[in-house]
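Accompanying notes for the structure given below.
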Amino acid sequence: MRVEYINPFVEAAFDILKEVLGNDIQRGELYLKSTSQAVQGVAAFVGLAGNVEGRVLFDMSMETALAIASEMNGETLTELDDLGKATITELANMITAQAVTKLHDLGFTFDLTPPAIFTGENMEITDNEVEALIVPVIVKQGKIEINVAVRERT
Amino acid sequence: MKTKTDFPSINERKPDGQGDGGQAYKVLVVDDSMFVKKQISQILTSEGFEVVGTAGDGLEGLEKYKELYPDVDFVTMDITMPKMDGISSLEKILEFDKEAKVIMVSALGKQDLVKKALMMGAKNYIVKPLDRVKVLERVLQSIK
């Protein structure tokens, strides 16, 4: 998988997270996986289809999701209820919308699905014939992994 | 202690969400995200605006506008929504009331759609993530 695909998502995530959560954001080491990967407790999933195709996952623990949703709402959420899920969905929306503009400028054209939220324990994701690139982003609420598996359509 | 009229305050200011007569400006909030609806409503009500209706898609937004009309001063309209998107809803609202004041709400990266909406007659636009100061500024520019 080409690294050009993931950079716009990481840059957009930095911009948006900085704006909604504050300034303390660090980037972890990028890594590549070609097999199944464990998914943490909460994952926002966005599909891409066009001259590139695949999916992006914003993956975090339930504690991190709750802390982020609480911060964005200005109130403490103790469970990931409809409002909490809508908040994480909106976060994924804002990041992908901005990343897509950058990718379109680079000549990639594709449509996005609305984000879907997965929650649960012991989940994993498998991408057939596409490797996933993962960039962990660390905010004060915890770690969000930006997990991108995209390929050119043949 | 007598009434507070005995102590005129030099800091008193009319909330921006109220017109010259002290009446609250009435807003219809159209957005499919519960989070964004809540965020916009909180920002506006904190400044004295009155949220008279909310809708979760463009079609419902259009219906609510017709129902509320003429007791609605402006609309905040998301762009990407199910059933009917914000651009089509804007178009239909303007067909119904060519004086309608509609403010588009969009994530970054939808510049073309925002431009289209402005050409069609939207009064202004707000980019997400929402910033309180910017939201109020754009809204006030649009309704005055």
Quick one: donor-acceptor pairs under 3.5 angstrom, chain A versus chain B?
{"residue": "Asn73(A)", "atom": "OD1", "partner": "Lys38(B)", "partner atom": "NZ", "Å": "3.1"}
{"residue": "Glu75(A)", "atom": "OE1", "partner": "Lys38(B)", "partner atom": "NZ", "Å": "2.6"}
{"residue": "Glu90(A)", "atom": "OE2", "partner": "Lys128(B)", "partner atom": "NZ", "Å": "2.9"}

[X] with [Y], same ILVMFWY side-chain cluster at under 4.5 Å:
X: Leu57(A); Y: Ile88(A); value: no
X: Met123(A); Y: Ile134(A); value: no
X: Leu30(A); Y: Tyr5(A); value: yes
X: Val42(A); Y: Phe118(A); value: no
X: Val39(A); Y: Ile117(A); value: no

(request) Inspect the surroundings of CG in Asn122(A) and state if more than 12 heavy atoms from other residues, nucleotides or ligands are less than 6.0 Å away. (result) no
(message) Atom CD of residue position Glu124(A) - does it have more than 12 heavy atoms of other residues, nucleotides or ligands inside 6.0 Å?
(response) yes
(request) Enter the distance from Leu130(B):CG to Met72(A):CE here, rounded to the nearest 0.5 Å. (result) 9.5 Å
(request) Grab the two heavy atoms, one from Ala86(A) and one from Met34(B), that are nearest each other, plus how far apart they are. (result) CB-CB, 3.9 Å
(message) Applying ring pair (Phe, Tyr, Trp, His ring centres under 6.0 Å), can you list everything that pairs with Phe35(B), at least two apart in sequence or on another chain?
(response) none
(message) Given heavy-atom pairs under 4.5 angstrom as the criterion, report whether the side chain, backbone, both or neither of Val20(A) touches chain B.
(response) side chain
(request) Give the member of Leu83(A), Val100(A), Leu91(A), Ile16(A) that has the highest number of heavy-atom pairs under 4.5 Å with chain B. (result) Leu83(A)
